[in-house]
Each structure stands twice: as C-alpha cells, then as structure tokens.
Amino acid sequence: MGTRPQRLWSGSTLTRRIQTGSLNEVNPSLWVGTTSETSYPALQEEVQVDVAILGAGITGLSAALTLLRAGASVAVIEAGRIASGVTGYTTAKLTSLHGLTYASILDQHGEENARRYGEAAESAISTVAGIVEEAGIECNFERRPAYTYTADEKRVLDIEKEVEVAQRLGLPASFVTETELPFEVKAAVRFDNQAMFHPRKYCLGIAGLIAEEGGRIFELTRALDIEPGSPGTVETDRGTVRADHVIQATQLPFHDPAGLFARNAPMRSYALAIKSESPPPEGMYLGIDTPGRSIRSHREGDRAYLLVGGEGHKVGQDPDTTRRYQ
C-alpha cells in the first residue's frame, strides 16, 4: 500500500466496508494508512484442527498464538484482511483505566470481581509488552500514563471515588488536578505504567509468529455457519473447516444461540489523526463529560500526530458523519 494521504481518519459510514474491514479507504485510519496489505491465502481445501478461530483482529490472533504455544493446532479464518476491522480502527490504548469502571463494578458485583477485572487488564498489558520484547515487534509500543478526567466541578466526587476504589484494589491510581491538556481540568484519575502502541503493526507481527509456529491463517474467507459436533464444522464461502472447538472473535457472534444480539447495542465513534507541529500530550486521556473525548499522541517516523476521538452513538442512529467529525 505504501504511504497514505496525510489527512487520515477512521470510521466513515460513507466509505467503510464494515462487513469485511477495509484497507482501501479514501481516508483510512492512521494504523491502516501506515501498514501494508497482507496476502495470506484463502481457504482452498477442507482443513481439520483442534481450534478454529473466526476473526483475525487482536482477539483472534492473540487466542491463536496462546493456543499454539499450549500445543493445539489452530486455523484463523478472516473474512477480510488481518486487523482491517475494529482492531484497525481503534485508539489503541493499552490501559486498565476505562472511564469510571471500578466504582461501578464494586457497587454492582463486589470487590473480588472488581479486583479480577483490574488484574486481568494489567495482565493483558504485560502480555503485550512481553510478546513485543520477545519477538522484537516494531509497533511503537511505549509506556505512558493514562487519565480519566473531568472539566465539570460536579464530577470531582466521582473521580475521587474511582481513585479510592482503584487504590484499594492495588491498581496504580492517583488523584491529580494538573494535566498537559490545553484546557482546565477539575480532577483526573491517573494510572501509571500503562501503554500505547500501533495495533496493526502488532497484529501483523503476531500473525507472522502464528505462521512460523505452525498455525494457519486464511484471509478472504467468510464463515457462514457453525455446526457443533465432535468435531464441529465451520462452513465458509470457500469450503469447510472441522474443529473440536470454535472461537468467535468477531466482536458480536454471528452464531448466537444465547441471543446476545438482544442484549448488546453496537456503537460507533469517530477519530481524527492530526499532524501536530507542536509536541502533543505525552499521556493518554479519556473524558467523562458530554461529549466525551479520547486523546493520545503517536509518532510515525519524524511526524507527530494528535489523535482525538469521540462523538459516539448507537450504530445507524446518525447518518451525518460530517457533523460528527466537525
């Protein structure tokens, strides 16, 4: 693909082919616009493995590598190209700070479950860091602090409660009122030793490890149906994959006997990657006010970018993409 146009953004409802993910946007995400297209083959014959994984985003590829290293045979099936869907259109923060999460989990599910949530998130950051170091994956991985902030005096108590709960759970939380942002912040939760990275470069590195270690990746192969059994069967538009276990790493499952579709509301948000002549903020930021904003930086070669996201809404409820970017 080479270098994309310099004005890059993600999420356009006008051009993005959500069903397969797109590497051919007029204005792709920064992650897609700075990586090359992959060329893993489509499925051409019946395959039998221990585990079939549907979806070659970060979830599917991470599961595939983990299972391979545990001794399972694995096939990854992707309707489009690697990391060209949700993973290629994300703010790419590796953080255990997700808004005001811990106080809510504590209130609804108890301290032990809140602790498990935080430990799992911290473990995920460490896992990515370990793989990057072990395999030498060049994916702009950097340790940075993460902040959840408010500019509303009425939300300061919410910030204080989140800090208190996170500290009780053993997380790297602190209460701050000063940030690098060019506007007044009344209060923020700060988590130290978090990280950010280039998600598609990382996933391309993971895919290479999977291929080297005996896993199989099939792009341009759409899964159509799953028939449970011993082994089960995944029917695709290119043929059949038989597997003892099937993982749907597709954000929402298309094979959905539990009716999860009725309990989920797919959301769309928007992001701009803006060339920055002055140094952008070093930290990663998420605002809890309305409208919310996600802010982070990225450096690609000698070019610095400011990434700003937000304007989220339920899918299909606003056709005016331009208004959201403005």
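Note on residues 35-58: no pairs pass ring-ring contact (aromatic ring centres under 6.0 Å, His included), not counting sequence neighbours. Listed by first and then second residue, the salt bridge (Lys or Arg N to Asp or Glu O under 4.0 Å) pairs involving residues 278-291 are Arg144-Glu282 (not counting sequence neighbours). Among residues at least two apart or in separate chains, there is no side chain to side chain donor-acceptor pair (under 3.5 Å) pair with a member in residues 248-262.
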Check: residues 116-123 side-chain donor-acceptor pairs under 3.5 Å, at least two apart:
unit_1	atom_1	unit_2	atom_2	d
Tyr117	OH	His98	ND1	2.7
Glu122	OE2	Ser96	OG	2.5
Glu122	OE2	Gln194	NE2	3.1

Per-pair distances, 0.1 Å, donor-acceptor, side chain in residues 130-141, under 3.5 Å, sequence neighbours excluded:
unit_1	atom_1	unit_2	atom_2	d
Glu134	OE1	Arg69	NH1	3.1
Glu134	OE2	Arg69	NH2	2.9
Asn140	OD1	Lys201	NZ	3.2
Asn140	ND2	Arg299	O	3.1

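Put simply, the side chain of Lys161 reaches to within 4.5 Å of the side chain of Asp107, judged on heavy atoms. Residues Ile247 and Leu67 are in side-chain contact: their nearest non-hydrogen atoms beyond the backbone lie under 4.5 Å apart. Contact annotation: the side chain of Leu204 never approaches that of His198 to less than 4.5 Å [non-hydrogen atoms, C-beta and beyond].
Side chain of Thr148 to backbone of Leu100: no donor-acceptor contact under 3.5 angstrom is found. In this structure, the side chain of Glu111 does not engage the main chain of Leu106 through any donor-acceptor pair within 3.5 Å.
Remark: Tyr147 engages Tyr285 in a ring-ring contact (aromatic ring centres under 6.0 Å, His included) (not counting sequence neighbours). Checked against salt bridge (Lys or Arg N to Asp or Glu O under 4.0 Å), Glu160 has no partners two or more places apart in sequence or in another chain. Considering only residues two or more places apart in sequence or on other chains, Glu46 meets the salt bridge (Lys or Arg N to Asp or Glu O under 4.0 Å) condition with Arg242. With sequence neighbours excluded, no residue forms a ring-ring contact (aromatic ring centres under 6.0 Å, His included) with His245. Applying the ring-ring contact (aromatic ring centres under 6.0 Å, His included) criterion to Phe197, with sequence neighbours excluded, gives Tyr202. Taking Arg143 as the reference, nothing meets the salt bridge (Lys or Arg N to Asp or Glu O under 4.0 Å) condition, with sequence neighbours excluded.
Under a 4.5 Å side-chain heavy-atom criterion applied to ILVMFWY residues, the cluster that includes Leu43 comprises Val47, Val49, Leu54, Ile77, Phe218, Ile226, Val234, Val241, Val246, Phe254 as well.
The side-chain hydrogen bond (donor to acceptor under 3.5 Å, both in side chains) test with Glu311 singles out one residue from Arg268, Arg323, Arg293, and that residue is Arg293.
Using cut-offs of 30° and 60° for the angle between ring planes, the Phe183 and Tyr149 rings count as tilted.
With respect to the salt-bridge test (charged N to carboxylate O, under 4.0 angstrom), the residues Glu184 and Lys186 qualify. Ion pairing between a basic and an acidic side chain is recognised when a charged N comes within 4.0 Å of a carboxylate O; Glu78 and Arg222 show no such pairing.
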